[in-house]
Amino acid sequence: MHCFECGKEYGEEPASSLCDCGGVLELVLNENFPTIDDFRGVGVWRYSSALPISRRIQSVTMDEGNTPLIRTKNLVPERELQLFVKNEGQNPTGSFKDRGMTVAVTRARGIGANTLVCASTGNTSASAAAYAARAGMRAMVFVPSGKIAGGKLVQAIIHGAKVIRVNGDFDASLEIMMEEAGKRKDLYVVNSLNPFRIEGQKTGAFEIFEQLGKKVPDYVILPVGNAGNISAYWKGFSELKKWGIIERTPRMIGVQAAGASPLAEVFLKGKDDLVKWKNPETVASAIRIGNPVSWRKALTAVRDSGGRLLTVTDSEILKAQRDLASKEGIFVEPASAAPIAALRHLRDVIEKNSSVVCIATGNGLKDQGVVPVDSENLPLISSLKELEQYL
Ligand SMILES: *Cc1c(COP(=O)(O)O)cnc(C)c1O
Ligand SMILES: [Zn+2]
């Protein structure tokens with residue numbers, strides 16, 4: 001375990017999960033590289049030979065991962081693009097966060113922690129609460145006081161987490177949580193700055209490779225908030241290459257909402273430093289983040305892979321969400337539709353017939369408030385005659 005910024009090495013993660021310099025940590029496997037025959041079982045733990053968890057520790061799992069990779073039929077002409085959607089909304093709590101959470105909470109069990117903490121726009125808190133329940137631990141989650149998706153808050157509450165609202169946005173919630181966690185040894189931070197989360201999330205890359213019949217797609221497109229997930233997928237593909245399992249890696253494309261795009265700004269302006277945004281605003285609450293902690297990992301992923309970062313507007317996001325639901329039968333939350341919305345901007349970038357995987361990060365049922373439903377004005381009948389008149 002070392003710091004991604006300054007290189008300092010760690011045996012155990014510090015209380016905050018961050019380096020003294022403020023940088024995010026990274027886990028690197030230096031020997032005993034897995035081969036494809038080591039992959040056994042299903043889901044995240046199929047790849048346990050590639051995960052930094054001792055086999056003596058019993059995993060805290062709900063069979064996360066093993067999510068469908070769906071070839072789209074109607075969204076784009078099939079002859080132009082091989083477009084796939086990786087439906088991470090089918091994880092136990094309805095988002096990809098479970099992939100990372102199963103590994104981070106297993107790690108927490110291994111080092112004897114008993115209270116998980118996180119700041120969250122919703123999905124991390126839902127996942128942390130569920131895995132804490134599963135592990136017999138406590139969870140304390142900090143959520144922004146403003147618009148948090150109702151379904152996600154319901155999950156944190158029903159799973160028994162202590163939910164604390166912070167007067168401010170996600171970035172303010174993270175700051176106050178980290179200050180508290182830095183002072184207390186009994187709290188284990190499960191935000192995406194936790195390097196074990198990234199390890200779990202990288203298994204999404206392994207699954208895509210296996211689901212495509214041991215092939216690597218040309219492009220992988222993800223929504224970017226704190227930028228942990230795009231970093232995790234890149235780590236997964238890079239490791240497959242390092243271990244001699246694949247010969248080339250996909251280009252990584254990160255998509256931010258126009259109203260919350262500090263990282264796309266760094267990329268598009270060709271800069272090397274992130275300027276945080278105050279008051280980020282977008283309907284896609286899961287990526288409403290002004291100070292992405294894993295920004296440097298993500299920028300490296302995008303640059304080293306030959307990919308890019310771009311932005312889409314809220315109305316493009318909502319249209320893509322509707323298109324995916326009405327043309328393919330897949331209902332995702334707004335953030336998860338950002339990669340689909342980005343396709344239109346990438347027409348001159350993605351070569352014809354390329355294979356493209358969009359990561360559908362979370363389930364649409366979590367954030368029903370974004371879909372206008374005027375139930376009062378739906379037809380109401382009380383007899384077959386009225387039905388026939390209506391039809
Ligand atoms: C957490 C989340 C994201 C953003 O992932 P990062 O790792 O923070 O970039 C995107 N979509 C959904 C649904 C999420 O829950
Ligand atoms: Zn450091």
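Counting starts at 1 for both ligands and their atoms, following the listed order. Note that these values count all heavy atoms, side chains included, but never hydrogens, waters or copies made by symmetry. Computed from a predicted model, the values in this text were never measured in an experiment.
Near Glu333, with a cut-off below 4.0 Å to any heavy atom, the atoms of ligand 1 are 13 (C). Each of the atoms 11 (N) of ligand 1 lies under 4.0 Å from some heavy atom of Ala335. Ligand-side atoms of ligand 1 in range of Gly228: 6 (P), 7 (O), 9 (O), range being under 4.0 angstrom from any heavy atom. Within ligand 1, the atoms closer than 4.0 Å to a non-hydrogen atom of Gly362 are 13 (C), numbered from 1 in the order shown. Atoms of ligand 1 found under 4.0 Å from any heavy atom of Val224, numbered from 1 in the order shown, are 9 (O).
Using a distance-only test at 3.5 Å, with no hydrogens or angles considered, a donor-acceptor pair links the side chain of Asn74 to the main chain of Lys327. Remark: the backbone N or O of Ala104 is not paired with any side-chain donor or acceptor of Arg197 at under 3.5 angstrom.
For atom 14 (C) of ligand 1, the closest non-hydrogen atom of the protein is Lys97 NZ, 2.8 Å. Scanning all protein heavy atoms for the shortest distance to atom 5 (O) of ligand 1 gives Phe96 CZ, 3.5 Å. Of all protein heavy atoms, the one closest to atom 12 (C) of ligand 1 is Thr361 OG1, 3.2 Å.
Ligand 1 has a nitrogen or oxygen under 3.5 angstrom from a nitrogen or oxygen of Gly225. Ligand 1 has an N or O atom lying under 3.5 Å from an N or O atom of Asn229, backbone or side chain. Taking distance alone, with nitrogen or oxygen atoms compared against 3.5 Å, Asn123 approaches ligand 1 more closely than that limit.
Both the backbone and the side chain of Asn226 come within 4.0 Å of ligand 1, judged by heavy-atom distances. Of all the heavy atoms of Ile287, the ones lying under 4.0 Å from any atom of ligand 1 belong exclusively to the side chain. When non-hydrogen atoms are compared, ligand 1 lies under 4.0 Å from the side chain of Ser336 (C-beta onward) but not from its backbone.
Remark: Lys271 does not engage Glu265 in a salt bridge, criterion side-chain N to carboxylate O under 4.0 Å. Using a cutoff of 4.0 Å between basic side-chain nitrogens and carboxylate oxygens, Glu328 and Lys73 are not scored as salt-bridged. For the pair Asp171 and Lys276, the salt-bridge criterion is not met [side-chain N within less than 4.0 Å of a carboxylate O].
Side-chain atoms of Asn226 and Ser294 include no donor-acceptor pair closer than 3.5 Å. A side-chain donor from one of Glu64 and Tyr131 sits under 3.5 Å from a side-chain acceptor of the other.
An angle of 110° is found at the Zn ion (ligand 2) between Cys3 atom SG and Cys6 atom SG, rounded to 10°.
Ligand 1 has Ala227 within reach: a non-hydrogen atom of the residue lies less than 4.0 Å from it.
Annotation: side chain of Ile330 is not in contact with side chain of Thr72 (no heavy-atom distance under 4.5 Å). In this structure, the side chains of Asp273 and Val275 stay at 4.5 Å or more apart for every pair of heavy atoms.
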Self-check item: Full working for side-chain hydrogen bond (donor to acceptor under 3.5 Å, both in side chains) between Arg184 and Thr115
Solution: CA-CA 11 Å; Arg184 287 173 52 179; Thr115 304; 5.8 Å; no
